[in-house]
A.B. asks: 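For reference, the structure I am asking about is given below.
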Amino acid sequence: MSRTEQLTRTKGAEARSPGRWLALSVLVLAVLLVAVDATVLGLATPALSEDLKPSGTQLLWIGDIYSFVIAGLLVSMGSLGDRIGRKKLLLVGATAFGAVSVLNAYATSPEMMIIARALLGVAGATLMPSTLALIRNIFHDPKERSLAIGIWGATASAGAAVGPVVGGALLQHFWWGSVFLINLPVMIVLVIVGIKLLPESKNPVAGPWDLFSVGLSLVGIIGVVYAVKQVATHGMGWEVWAAAVIGAGALHTFVRRQFTLPAPLLDMRLFKHRGFSGAVLADLLTVFGLSGLVFFLSQFLQLVQGRDPLEAGLAELPAAIGAVATGLVAGRYARRYGVRAMVTGGLAAIGIALAALTVIHKETGYPLLGAALLVVGLGAGFSFTVTADVILSSVPKEQAGSASAVSETAYELGAALGIALLGSVVTGVYQGFTAPASVSGPVADAAHESLGGAVEAAKSLDPQTAQQMVGAAQEAFVDGLRLASGVGAAVLLATAAAAWFLLKGQELQDGIEH
């Protein structure tokens, strides 16, 4: 047997080492927590509003600052993992995630809660790209890697949908802070097991970490998303223009700087590949539809239909079931029927489900809601998993951290935009509702801030007036939800059409890499 054949056989054996699946279980645990934390707060919003009494704007920031910060830092953290080691970054981030979760649980004011959620986002940004990059380096057989990414993707998609179930179960027995404390024991297990099971990997020629680029990416993404969030709610004020200009300018400078650096945080040449760019766009819009729907249906089920937190969480479970079911087979189907068929079909399914919700009303029965959630989950499982595989397979494994960061940035930015943009549509419509003539002053102001605020403010009114005001607020919220569903449907269906052309000829790899 030749030396080359011996090396090939050795590499094939290493690629199929049984420890890789145990290592994957640790990575899945990390991504599950980060995904759950993106939506678990949806069910806790009514209780949190009653306790901390945030304004409508503060409530939106509490809901989306976590995803904003993660999105702004993912490229930087993915690049940092390539340089210092992905295992090291993952374990440090997991430790910080557990510690900051305690700060979230015991926040005593809206301002403190926003800061705590931002810090949780910083910690979360170290976890997501590390998990996907480690998968790229642990699984050398593309078919096995597709299955591993399918498990990872199903967990990420399902985590967003399982968040309300976990939150509902905890809120049934404990106070709202419990939805954060659950992170602590899980992160302890992750760190202890991860130290033993996870292999270290990094790019041996990655070069220095450019702090100026880190700042540009953070300022750019947060600035642009803030502008999008504010314009639908408050119109084009000077602060919105300022945020948009600063954000766009920072991102433009970031892109130009990456072309000049010998060791960029993100290799912008990747985006010249049509399939890579199409996969990133589809990745972002998939999560846009999923997270926006889950976040606002949580409030609809509780505050409009009167379900308790656990019941509302269980009602959203079909999205998780759908995402897991299709995520696990997405790679196999993509090889059989083509990447663009799976991604386009997944995006179209989400768009059709959102379109179905444009006929929703206060008394809408669960069959329509459950069917829409199931179809969204099925579509997300196909689209998100296949696009992640395409993105990760497009680069050498030394650049796995940067490629993973692109995929994860799309995921988190999609989550942030789903809550921010669709939330702004809901809020903009909601704030126009007419309160009873006898309600004025601070009570009326609180009622117009958010639906949770209206329910809380109604407690100070006589029963008949309270019923009238809450009824009007609920109708306005549902009007906003219908319009937001229509906007989301239009965006997803347009993206499905674009993906059909952008992903033409794109295929997943076959055979073991050597």
Side-chain angles (χ1 to χ4, degrees), residues 28 31-32 34-40 42-43 147 149-168 282-301 311-334 341-357 360 364 366-389 407 410-412 414-415 418-419 422 481 484-485 488-489 491-493 495-496 499:
V28 163
V31 77
L32 178 65
V34 177
V36 164
D37 259 61
T39 57
V40 72
L43 281 182
L147 177 58
I149 292 174
I151 295 171
W152 177 91
T155 304
S157 300
V162 167
V165 180
V166 174
D283 201 349
L284 188 153
L285 271 304
T286 296
V287 184
F288 172 91
L290 176 66
S291 63
L293 177 65
V294 168
F295 186 81
F296 291 103
L297 273 188
S298 293
Q299 295 182 57
F300 173 81
L301 291 166
E311 186 183 1
L314 291 172
E316 294 187 318
L317 201 55
I321 295 171
V324 171
T326 52
L328 295 179
V329 299
R332 187 191 318 161
Y333 278 52
M342 291 299 98
V343 174
T344 300
L347 289 166
I350 300 172
I352 291 169
L354 287 171
L357 293 179
I360 199 173
T364 295
Y366 183 69
L368 174 62
L369 300 176
L373 285 161
L374 178 62
V375 172
V376 166
L378 292 171
F382 275 127
S383 180
F384 180 64
T385 305
V386 174
T387 53
D389 202 340
S407 177
Y411 178 96
E412 293 300 336
I419 294 173
L422 298 183
L481 188 55
S485 297
V491 170
L492 266 295
L493 292 174
T495 307

A.B. asks: What closest approach, in Å, do Tyr366 and Leu314 show between heavy atoms, and which atom pair accounts for it?
C.D. replies: OH-O, 4.4 Å
A.B. asks: Might you point out which heavy atoms bring Ala348 and Ala496 nearest each other, and give the distance in Å?
C.D. replies: N-CB, 3.8 Å
A.B. asks: Going by side-chain contact (heavy atoms from CB on, under 4.5 Å), name the residues that satisfy it together with Ile151, two or more places apart in sequence or in a different chain.
C.D. replies: Trp21, Leu24, Val28, Leu147, Thr155, Leu328
A.B. asks: Going by the side-chain hydrogen bond (donor to acceptor under 3.5 Å, both in side chains) test, which pairs reach into residues 343-353, not counting sequence neighbours?
C.D. replies: none
A.B. asks: Indicate every side-chain donor-acceptor pair of residues 368-380 with a distance under 3.5 Å to a residue at least two apart or in another chain.
C.D. replies:
none

A.B. asks: What residues, two or more places apart in sequence or in another chain, satisfy side-chain contact (heavy atoms from CB on, under 4.5 Å) together with Ala489?
C.D. replies: Leu354, Ala355
A.B. asks: What closest approach, in Å, do Leu301 and Ala315 show between heavy atoms, and which atom pair accounts for it?
C.D. replies: CD1-CB, 3.9 Å
A.B. asks: What's the separation between atom CZ in Phe384 and atom CG in Leu285, rounded to the nearest 0.5 Å?
C.D. replies: 13.0 Å
A.B. asks: Nearest 0.5 Å, please: how far is CG in Leu357 from CD1 in Ile352?
C.D. replies: 12.5 Å
A.B. asks: To the nearest 0.5 Å, what is the distance between OG1 (Thr495) and CD1 (Ile350)?
C.D. replies: 9.5 Å
A.B. asks: Listed by chain and number, what are the side-chain hydrogen bond (donor to acceptor under 3.5 Å, both in side chains) partners of Ser383, not counting sequence neighbours?
C.D. replies: Thr286
